[in-house]
Amino acid sequence: MAEAPVSQGLAAVLGLRQLIMDGELRAGDRLSEVRLAARLEVSRTPLRLALAQLEHEGLLEPVAGGGFVVRSFTGRQVVDAIELRGVLEGTAARLAARRNNGPRALGNLVACVAKLDRIVATEGAPTGEEFELYVELNDEFHNELFVLAGSEVLRAAYEHVLALPFAQPSSFLKAQADTSQFEPTLATGNAQHHEILNAIEAGDGDEAERLARAHAELTVRNLEAVMRDGGYERLPGSSLISADAAWSVQAVAGLERG
């Protein structure tokens with residue numbers, strides 16, 4: 001059976017977001033509807049809806065006289081987005097612990113952690129294929145927390161945060177793949193996955209929330225490591241980060257994390 005064609009609306013949203021994340025549209029660029037419609041091969045109406053969608057996601061901002069520019073972010077805003085993700089994941093973990101109905105309900109989460117274990121236990125650095133699988137499974141673990149929480153309101157808030165650059169759980173792993181901190185980062189992250197899973201299995205909502213919020217702080221530490229190594233430029237969306245004092249290594253490393 002042939003795949004259904006992507007609607008112009010969805011094509012416009014995905015295409016516009018990709019242009020931004022790839023750096024073809026950079027922070028401060030004013031967008032031309034005519035040129036974008038031609039580039040994305042969509043009509044003006046779905047493009048305008050896509051512009052409104054990305055404004056809602058926080059990637060664009062309106063300008064006086066009409067139209068949009070690509071938004072820029074400071075280091076503090078990036079860290080705030082990561083910490084907000086941690087708050088939402090903590091809430092999801094707490095609800096998951098309170099609402100899960102035993103081993104059958106947690107089957108997907110348990111299986112996900114077991115697969116991550118096999119990758120982390122591999123001798124030496126993971127291969128490219130193993131690394132891609134780790135990233136996929138890591139994202140799946142975080143997503144499953146919201147499945148178990150069973151809250152559409154919480155899910156919507158989470159997806160909004162994930163639209164911001166560098167807020168995703170696996171954002172900084174790719175930039176660390178060639179550093180000495182890569183393997184320890186994977187091992188530490190997966191150990192935390194086990195702790196969160198154990199707390200949910202035990203029905204301890206408060207502990208599950210605390211652990212999930214602490215887990216998000218690992219992303220902040222990864223951010224600091226990437227900044228020290230100068231590897232963030234390789235990440236999708238790096239062109240959105242403003243080159244100001246708030247994004248220097250010293251400023252980011254000195255941010256208060258509660």
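These values consider heavy atoms only, across backbone and side chains, with no hydrogens, waters or symmetry-generated copies. Note that the structure is predicted; figures quoted are calculated from it, not measured.
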Check whether any side-chain heavy atom of [X] sits under 4.5 Å from a side-chain heavy atom of [Y], and report yes or no.
X      : Y      : value
Val110 : Glu201 : yes
Arg26  : Val70  : no
Thr219 : Arg85  : yes
Arg98  : Asp206 : yes
Glu132 : Glu136 : no

With the 4.5 Å side-chain cut-off for hydrophobic clustering, are Val13 and Val161 part of the same group?
-> no
Report yes or no: do Val87 and Leu218 belong to one cluster of Ile/Leu/Val/Met/Phe/Trp/Tyr joined by side chain heavy-atom distances under 4.5 Å?
-> no
Do any N or O atoms from the side chain of [X] and from the backbone of [Y] form a donor-acceptor pair under 3.5 angstrom?
X      : Y      : result
Tyr134 : Ile119 : no
Asn100 : Leu106 : no
Arg155 : Phe146 : no
Gln77  : Thr74  : yes
Glu55  : Pro62  : no

How close do Glu89 and Pro169 get, heavy atom to heavy atom, and via which atoms?
-> OE2-CG, 4.0 Å
Closest non-hydrogen atoms of Glu33 and Leu47, given as atom of the first, atom of the second and distance, are O-CD2, 3.2 Å
Can you list the steps and then say if Leu240 with Leu59 is a side-chain contact (heavy atoms from CB on, under 4.5 Å)?
-> CA-CA 9 Å; Leu240 302 180; Leu59 293 177; 4.0 Å; yes
Start with the C-alpha distance between Leu109 and Val147, add both sets of side-chain angles, then the distance that settles side-chain contact (heavy atoms from CB on, under 4.5 Å), and finish with yes or no.
-> CA-CA 10 Å; Leu109 199 63; Val147 173; over 6 Å; no
Does the pair Lys115/Glu140 count as a salt bridge with the N-to-O cut at 4.0 Å?
->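 Glu140 and Lys115: not salt-bridged.
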Does a salt bridge link Arg210 with Glu207, judged by any charged N lying under 4.0 Å from a carboxylate O?
-> yes
Have a look at Cys112 and tell me which of Asn138, Asp139, Leu137 forms a side-chain contact (heavy atoms from CB on, under 4.5 Å) with it.
->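 The residue from Asn138, Asp139, Leu137 that satisfies side-chain contact (heavy atoms from CB on, under 4.5 Å) with Cys112 turns out to be Leu137.
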Aromatic ring pairing His215/Phe141, orientation class (parallel under 30°, perpendicular over 60°, tilted between) =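 Geometry flag for Phe141 against His215: perpendicular rings.
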Residue pair Asn190 / His193, side-chain donor-acceptor N/O under 3.5 Å |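 Asn190 vs His193: donor-acceptor pair found between side chains.
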